[in-house]
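Notes to accompany the following structure.
Chain identifiers are assigned alphabetically (A, B, ...) following the order of the sequence lines, protein sequences preceding nucleic acid strands; residue numbering begins at 1 within each chain.
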Number of protein chains: 2
Amino acid sequence: MANRKILLSENETPDKWYNIVADMPNKPLPPLHPGTKEPIGPEALAPLFPMELIKQEVSADKWIDIPDEVVNIYSLWRPTPLYRAYNFEKMLDTPAKIYYKYEGVSPSGSHKPNTAVAQAYYNKQEGVKRITTETGAGQWGSALSFACNLFDIACEVYMVKISYEQKPYRKLMMNTWGADVIASPSDQTQAGREILNQDPNSPGSLGIAISEAVEKAAMDENTKYSLGSVLNHVLMHQTIVGQEALLQMEKAGDMPDIVIAPFGGGSNFAGLTFPFLRLNFDEGKSIRCIASEPASCPKLTRGVFRYDFGDTVGMTPLLPMYTLGHNFVPAPIHAGGLRYHGAGVVVSQLLKDKLIEAQSHDQLECFDVGVKFAKAEGIIPAPEANHGIATVVQEAMKCKEEGVSKTILFNLCGHGNFDMAAYEAYFNGGLVKHEVTTEDINASLAKLNTPEIN
Amino acid sequence: MANRKILLSENETPDKWYNIVADMPNKPLPPLHPGTKEPIGPEALAPLFPMELIKQEVSADKWIDIPDEVVNIYSLWRPTPLYRAYNFEKMLDTPAKIYYKYEGVSPSGSHKPNTAVAQAYYNKQEGVKRITTETGAGQWGSALSFACNLFDIACEVYMVKISYEQKPYRKLMMNTWGADVIASPSDQTQAGREILNQDPNSPGSLGIAISEAVEKAAMDENTKYSLGSVLNHVLMHQTIVGQEALLQMEKAGDMPDIVIAPFGGGSNFAGLTFPFLRLNFDEGKSIRCIASEPASCPKLTRGVFRYDFGDTVGMTPLLPMYTLGHNFVPAPIHAGGLRYHGAGVVVSQLLKDKLIEAQSHDQLECFDVGVKFAKAEGIIPAPEANHGIATVVQEAMKCKEEGVSKTILFNLCGHGNFDMAAYEAYFNGGLVKHEVTTEDINASLAKLNTPEIN
């Protein structure tokens, strides 16, 4: 048996992020002002983000240097390992070769610190004293808490109240790294107070938490806001994942036919697949890249390509995205990181142009393959990661039926150590399928009065 | 800055365990029969353990081959990384160089699978169908569940009832890997039923859980018992840790002056330090090896060297060990893995012969340095690991006072992802010191009627 684990040394770490915008045949459409619905420029983002991140957001440069200080912090856990899943292949009895990139070795246990560290760095460079953000399940909030601590920036995390109460350990992780975690809706913002006036027992939502974090940042010039997915610069920071994986696949003497990653807002998917899509652009390869989304929140497979708001309240610029409508309320599935109504702009354009594919899976199927994977490979995956595994199994079974051996690579974006309650629900038969009806989707889309895209 | 992370490739993995018994100037004294108090031979262990493990338990061979199948499974997470703790050094403002071996990358999150996999392998070789064990905090039970699953052996874990109720996620982890987890005391054994008759609400104890697991194994010829520390073969399996670390230190062009590891029963400590002690034996080096134990359970620093039972009930052979007495009840500190009254036989003899040292730390000091470490290095350590860090800080501060730079290596034996409730108690001021009075120790030792050692 060849090596199971393919490692890189620190000096093999990529020192640039890959900006796929440079290679896209159709560039993303511009964001629109939420009020005037006219295209807006980068200056509109200045109250919320440091200039260097805004420059990255609109950059057409193919490569952007990773600052030395960020590379240095990445080395706390990067390069992450790439594994050949020999045991899982054997369990599935498939001729496919399955590899996975494992991002669960980061301090907060997912790929999220790749962008959190970069964002904290650029904020520090510009003298920012505090960063606000929102978090649902807590993966993003803990990543940003970790990153801010290293740069001595105060971090204020608005955590959806029901998660705050149900996931005390995620909150404690953030506290350990010195962050303030505030149950949202809170009395610390106008937005929060208004919600609490209407409903003192509001369980909160990601949309409300975003409003609170944005409001807090907009009110104070020393405070900025940070987002964990969706935006171009966030997706680009994650390309360190796929670039490492590419080097590792070369070391293994192999190259994927199919690259698969879970899909929430796009950062997980972009991180692994964009460097392989680059090979399609640059070298004429035809590597299939598949986004795995929950059947309960199927924006890529059943949504529309249209301008929509990034948040529920409708405060953000309008973005050209695959969306289920910003009022769409996804079912309370256990993959909290995938419960988002829209898809990042760049990924949406790629899907529109048929340069990537998408698959949806219900959560019962996902936990079923997740437990199988844990038994074969040892690692208990995060519920988000299980969606990618479901697509892997589907493609591996197709290989078996067709008697062909394809090479499949997927992003094991995080471990499930903080998600065991979800596994408990699965074992106890307490999980349901949560499929969405076409009527539900149509009803949500019917409410949209945002500009359509021809 | 030189590399932060020192990695080995799979083909650099050691293929033998190191058996320190071969090099000890004074060999361990023999175990005694619990009834006759006469020395017993290996055959007395046959009802509980497979022959190959019993052979290892009494072996005087210096090196024992690691079976290919075990090496193959080790490669799921081994070799583990060795890190230079640059950030922590800077935070402590010490001239000392601090390195740590990180065992938290294993599937169950600690060093425990190193022996669990080996034990499951030898049991499988001899046709064993089921393995029983006990677990307190859950680190050992989850490691054995993981290992048994890979060899298709049924695993039955008697988990101390109060932990079973307080740590549902550890239990779920074991379930995910297919183990049966039974709250102890249970109605499934004579020992359990007797306890329940006396006290239906008994919270259980490690001593009771051991009795249940041993009874279940002794009753069925297809079932064996497995222990996660204390015994010679268990300690030996862990030497893979220190052997890797030795190769990694050589790669880093450095060599430790001081090697530090937390101490419960000895497997964590033995794993990292024995391969360095070998250099003292073979090459005349004088590397200091320090065991870090809790102030609330100070068998090495305040116990006596004497024959004592391995369990609370007094069913096991009498072992020559540093002990606080088998009736000693350690305070309910959060480092559950260190709450054991005695020390492994080999480690006890080494301490008696002044070939190793020991230090004790109270849990407030431990959590204080643990949080500092998490802020500097990103990883949130298990409460057990914090004890090692406390000794590291002590030695690093000594370097600063004396103006000398020493090289310190310690075992970061596991992550704290399942221990956030302990951190919560620390943050809330809910942790107390739990120091032990000399009267408490004397009272426990006064009850011993086991043979003394001259």
Could you tell me how the ring of B:His415 sits relative to the ring of A:His415: parallel (under 30°), tilted (30 to 60°) or perpendicular (over 60°)?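 Parallel, since the angle between the ring planes stays under 30°.
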I'd like to know whether NZ of B:Lys129 has more than 12 heavy-atom contacts from other residues, nucleotides or ligands below 6.0 angstrom.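 No, because the 6.0 Å sphere around NZ of B:Lys129 holds 12 heavy atoms or fewer from other groups.
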State whether the number of non-hydrogen atoms from other residues, nucleotides or ligands found under 6.0 Å of B:Asn428 atom CG is greater than 12.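 Yes, enclosed.
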From [X] [atom1] over to [Y] [atom2], what is the distance, rounded to the nearest 0.5 angstrom?
X        : Y        : atom1 : atom2 : result
A:Ile379 : B:Ser108 : CD1   : OG    : 11.5 Å
B:Leu172 : A:Tyr423 : CG    : OH    : 11.0 Å
B:Ser75  : A:Arg84  : OG    : CZ    : 12.0 Å

Which bit of [X] is near chain A, if near means a heavy-atom gap under 4.5 Å: side chain, backbone, both or neither?
X        : result
B:Ala421 : both
B:Arg78  : backbone
B:Leu150 : side chain

What part of A:Leu76 gets within 4.5 angstrom of chain B, counting heavy atoms only: side chain, backbone, both, or neither?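 Both backbone and side chain of A:Leu76 come within 4.5 Å of chain B.
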Below 4.5 Å from any heavy atom of chain B, which atoms of A:Asp419 appear? Answer side chain, backbone, both or neither.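 It is neither, since no heavy atom gets under 4.5 Å.
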Go through A:Asn417, A:Asn11, A:Ile380 and name the one with the most non-hydrogen pairs under 4.5 angstrom from chain B.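 Top count of heavy-atom pairs under 4.5 Å with chain B: A:Asn417.
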Between A:Tyr169, A:Tyr83, A:Phe146, which has the largest tally of heavy atom pairs under 4.5 Å with chain B?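 Of A:Tyr169, A:Tyr83, A:Phe146, A:Tyr169 has the most heavy-atom pairs under 4.5 Å with chain B.
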For residues A:Phe418 and B:Met420, determine if any side-chain heavy atom of one lies less than 4.5 Å from a side-chain heavy atom of the other.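 A side-chain contact exists here, since the closest heavy-atom pair is under 4.5 Å.
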So B:Pro79 and A:Lys5, do their side chains get closer than 4.5 Å, heavy atoms only?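 The answer is yes, as the side chains (C-beta and beyond) meet within the 4.5 Å cut-off.
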Give the member of B:Tyr426, B:Trp77, B:Tyr102 that has the highest number of heavy-atom pairs under 4.5 Å with chain A.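 The answer is B:Trp77.
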Derivation and outcome, side chain to side chain contact (heavy atoms under 4.5 Å, CB included), residues A:Asn175 and B:Glu424: CA-CA 9 Å; A:Asn175 293 149; B:Glu424 181 172 38; over 6 Å; no
If you compare all heavy atoms of B:Arg4 against all heavy atoms of A:Glu10, which two are closest, and at what distance to 0.1 Å?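 In terms of heavy atoms, the two residues are closest at N-OE2, 2.8 Å.
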Of all heavy-atom pairs between A:Pro107 and B:Gly378, which one has the smallest distance, and what is that distance?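 Here A:Pro107 and B:Gly378 meet closest at CB-O, 3.3 Å.
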